[in-house]
K.L.:
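Below is the structure I would like to discuss, written out as structure tokens.
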Amino acid sequence: MAQFTRPKPTMSDTRKPFPFDEFEPKWQARWDSEKTFRTPNPGEKGFDASKPKYYVLDMFPYPSGAGLHVGHPEGYTATDIVGRYKRMKGFNVLHPMGYDSFGLPAEQYAIKTGQHPAITTAANIETFRRQLKSLGFGYDWDREIATTDPEYVRWTQWIFLEIYNSYFCEETNTARPVSVLETKGWSRDEIDNVRLAFVADTPVWWSPDLGTVLANEEVEEWKGKGHTVERRPLRQWMLRITKYAQRLIDELDMLDWPEGIKLLQKNWIGRSEGAEVKFQILNFNSQVEVFTTRPDTLFGATYMVLAPEHPLVSEITASEQKEAVQTYQKAISSKSDLDRGDLNKDKSGVFTGAFAINPVNGKEIPIWIADYVMMGYGTGAIMAVPAHDERDFEFAEKFGLPVLQVVEPTNDHDWKGYTDPGTAVNSGFLDGLPTAEAKAKMIDWLESNDQGKRRVQFKLRDWLFSRQRYWGEPFPIVWKDGKHQAIPDSELPLLAPPLEDYKPSGSPEPILTKAREWVELPDGSIRETNTMPQWAGSCWYYLRYCDPSNSDRFISKEAEAYWSSNTQSSINNTQCGMVDLYVGGTEHAVLHLLYARFWHKVLFDLGHVGTPEPFQKLVNQGLIMGEDGQKMSKSRGNVVNPDDVVSAYGADSLRLYEMFMGPLEQVKPWQMKGVEGVSRFLGKVWRVAFDEQADGSLTISPRIQDITCTDKELLRVLNDTIKKVGEEIEALKFNTAISFMMTCTKAFTLTETVTLNEFIQFLKILNPFAPHITEEIHFRIGGKVLLSETEWPTYDASALIRTECELVVQVNGKLRDRIWMAMDAPEESAKELALASPKVQEHIDGKTIRKVIYVPGKIMNVVVS
RNA sequence: GGCGGCUUGGCGGAAUGGUAGACGCGCUCGACUCAAAAUCGAGUUCCAAAAGAGUGUGGGUUCGAGUCCCACAGCCGCUACCA
């Protein structure tokens, strides 16, 4: 059990190093009542248009019943430090917080506790808010939002209708309103076929015990939690994210995101270039299209494989193969995903009895079905080139199919199973060409002979956007005469009706169908009963923060323009994302971050927002592990509760510790001893200011004096610290920033006179990290204003200048001596001093000096042999 | 299998190609105390000391490499028959 306790309390040890339990709540109450961190919008009282904006965003939490986890304050403290720092540097800082309060987990929790999700959600939000406030974060609480608020739901639904009422124009590569098509005379059905939100019958992942379908991307997560999923063809709402695949890849280049996350998104979108090839089926009027990235190997295609679910299978299967094929199909459909993919890589398959004609040489090749070909990717059919594809090779070996070489390796690799580029052989008009050229030539041939064409294929699927659950936004859609249509804006928000029983029924019917009175409208139309996934709310919350109580628009033009302005990109000077800094966990690398980018781009295309991307700079905080180095989990009993840390050491200590643990982005283990360490540091700062009397009362230390500082060394350390801490905050290197402040505190501890001005400067730079204790000290030593409302100190560069230095002298790269000399000593005199050193002499004696490297102020390296 | 990340004292971690181990934890010793806690001070990579060795392993570039290049190993994460 990693339960932690305060070091054994003794009779006299009831007092804490500083009375955080008294002053932390006091300052929190003051910030709250004075709305210290309120940020006015353009047009509002107190708005200063001369200041540049800085938008620093946290990934808002899902308010679970478990309350805040120590992982939350990690990112939240980092953004709070940056936000408070930028504020002191003269920015209008937007630093908001809210709750991602819809979703499956909330509903699961409600079912478990037997309470309505609205009640549990409200209670959980209450807990989260209390915990967040107890950590002293400088949020603008007037901007607090929850995705379940009716006013928020209203605009989520409104944005959905914007998407619904749009199509993707291939010419402009942007979304446009479908009204454009109406004026062009498109029919209703034609328009419905191109909407960015559309209804489709597709095989989807259905979970009986959750009572809903899941997006491809969510399946693993819920399976991991022990839920079952099965494949079912169901009628679902989809969002046409695939139309944005290319832009979602290309526009990553403009973002200051970790390269790893960009790569993760690129791989998820999965672009591959190749060709679509048509194969005529022998004795049938049908053709099969395959997608291949290696059209140059077409001459080597010795068989074809269809996915078992491929619609053509039943049509082309020869009667003598029917039984075998059907048996195989049945076996595959009952196979779980795990059997088909993860665990079983053994190739299996059945011959259909049919043959396809290779368009390039007229050869008849057998058509098989096999589960290694997926219906969901490409065309659900492949041409198999066993000589140059591992999977095809394995399959051909197993079933004795011919293997024909068409690529000559460039190295001494055996041609069988050689998959890298080489030189085309046995390939007619391609012979002798390197792979890249052979691909191009084959595509030209296919296109000019109408046998295929160039094609770019993406792994990304359209986004399955509907759920059958209760705790989500209802679709603002009604069905009339079998056709869907939007409800008028005036009816938004469309809220779910109250339901007594929202437990999964085991059928794929949406739960809202139970609310008959709500579903059936007087004019005979019927409400859509699906609800939106949890992602819907998190796709645009950063926009709503900018103008949270606007009842006319999801965000006003003015607020959008101001909070999108002046975003600084480190890559090129283009302004591309709205949010300057976005901090959150890596678990959202592909889902939330991809969906939000997609929605933002649609809104951008439609002219509702002015930037093509939502988040300019992204930083992923590293996971905090348990004290045992394992992932924190209830079952391991290594979970640390932030409330316990706050009551034992105070909020400032928790904040400081989480920042001191190590680099923000790194995975780090929790160490309760480390919290004690930073708490001790804060105690030292406290004791610079105060002396404790025998009776336990505090008096201001007589060392503090309001006079001009003449202590050069103190001035040097302080100014160096001011400079470094500013730089480190900008670089998000909070751990080293804190270590510099520890060093500076030591200097204050050792000096005889603590000059007031210098000490207050120090309190200012510590303030973003430990806001409570710094305000308290400042107040007690006579400060009249809030430190957080003062300006960030500028450092005095002249105080940093050193005239002397300790020059390191090396002989052949090995450290031999250190010699004090003038910082700017000329090379000749420095050399003279260095060579005179007995320790250096010892190592150059009798040898020839070949070279002397001199870096003034740092190092001298004498090279001898 | 693929992709990404990581590897530095007893521990968390510092180091624009320039003194490896800042800062903190822990530990040791000392001061204060009847004693302890708290606090303050000194020390703490390894080796008994000197010499030397030392940033996962092996090479390379360089006057000089934790840092750059090549190969390899181990650990962690994500992904997985993507044609």
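Lettering of chains follows the sequences in order, A, B, ..., and the numbering in each one begins at 1.
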K.L.:
From the set rC81(B), rA83(B), rC40(B), return the single nucleotide nearest to any side-chain atom of T292(A).
P.N.:
rA83(B)

K.L.:
Taking donor-acceptor contacts at under 3.5 Å, does the side chain of K347(A) reach the base of rC81(B)?
P.N.:
yes

K.L.:
So does K733(A) get a side-chain nitrogen or oxygen closer than 4.0 Å to the phosphate oxygens (OP1/OP2) of rA15(B)?
P.N.:
yes

K.L.:
Nearest to the side chain of T293(A), heavy atoms from C-beta on, is which of rA83(B), rC40(B), rG52(B)?
P.N.:
rA83(B)

K.L.:
Which of parallel (below 30°), tilted (30 to 60°) and perpendicular (above 60°) describes W670(A) and Y657(A)?
P.N.:
perpendicular

K.L.:
Give the nucleotide from the list rC63(B), rG13(B), rU16(B) with an atom nearest to the side chain of K858(A).
P.N.:
rU16(B)

K.L.:
Mind checking who rG18(B) pairs with, Watson-Crick or G-U wobble, both distances under 3.5 Å?
P.N.:
rC63(B)

K.L.:
Respond yes when some side-chain nitrogen or oxygen of K668(A) is under 4.0 Å from OP1 or OP2 of rG12(B), and no when none is.
P.N.:
no

K.L.:
Just by distance, with hydrogens left out, do N861(A) and Y854(A) show a side-chain donor and acceptor under 3.5 Å apart?
P.N.:
no

K.L.:
Give L263(A) one of three labels, base, sugar-phosphate or nothing, depending on what nucleic acid heavy atoms sit under 4.0 Å from its own.
P.N.:
sugar-phosphate

K.L.:
With a 4.0 Å cut-off on heavy atoms, is T586(A) in touch with a base, just the backbone sugar-phosphate, or nothing at all?
P.N.:
nothing

K.L.:
Does K459(A) get its side chain close enough to the base of rU79(B), under 3.5 Å, for a donor-acceptor pair?
P.N.:
no

K.L.:
Between S739(A) and F734(A), is any pair of side-chain heavy atoms under 4.5 Å apart?
P.N.:
no

K.L.:
Please tell me which of V855(A) and K814(A) maps to the more 5' nucleotide of RNA chain B, matching each residue to the nucleotide holding its nearest heavy atom.
P.N.:
V855(A)

K.L.:
Please tell me which of the listed nucleotides, rA83(B), rG26(B), rC40(B), lies nearest to the side chain of R687(A)?
P.N.:
rC40(B)

K.L.:
Would you indicate which nucleotide in rC23(B), rG64(B), rG13(B) comes nearest to any side-chain atom of T743(A)?
P.N.:
rC23(B)

K.L.:
Consider the side chain of Q671(A), meaning its heavy atoms from C-beta on, and name the nucleotide among rG24(B), rC11(B), rG18(B) that approaches it most closely.
P.N.:
rC11(B)

K.L.:
Looking at K398(A) and E394(A), is any side-chain nitrogen of the basic one under 4.0 Å from a carboxylate oxygen of the acidic one?
P.N.:
no

K.L.:
Let me know the distance between CD1 of I738(A) and C1' of rA22(B), rounded to the nearest Å.
P.N.:
14 Å

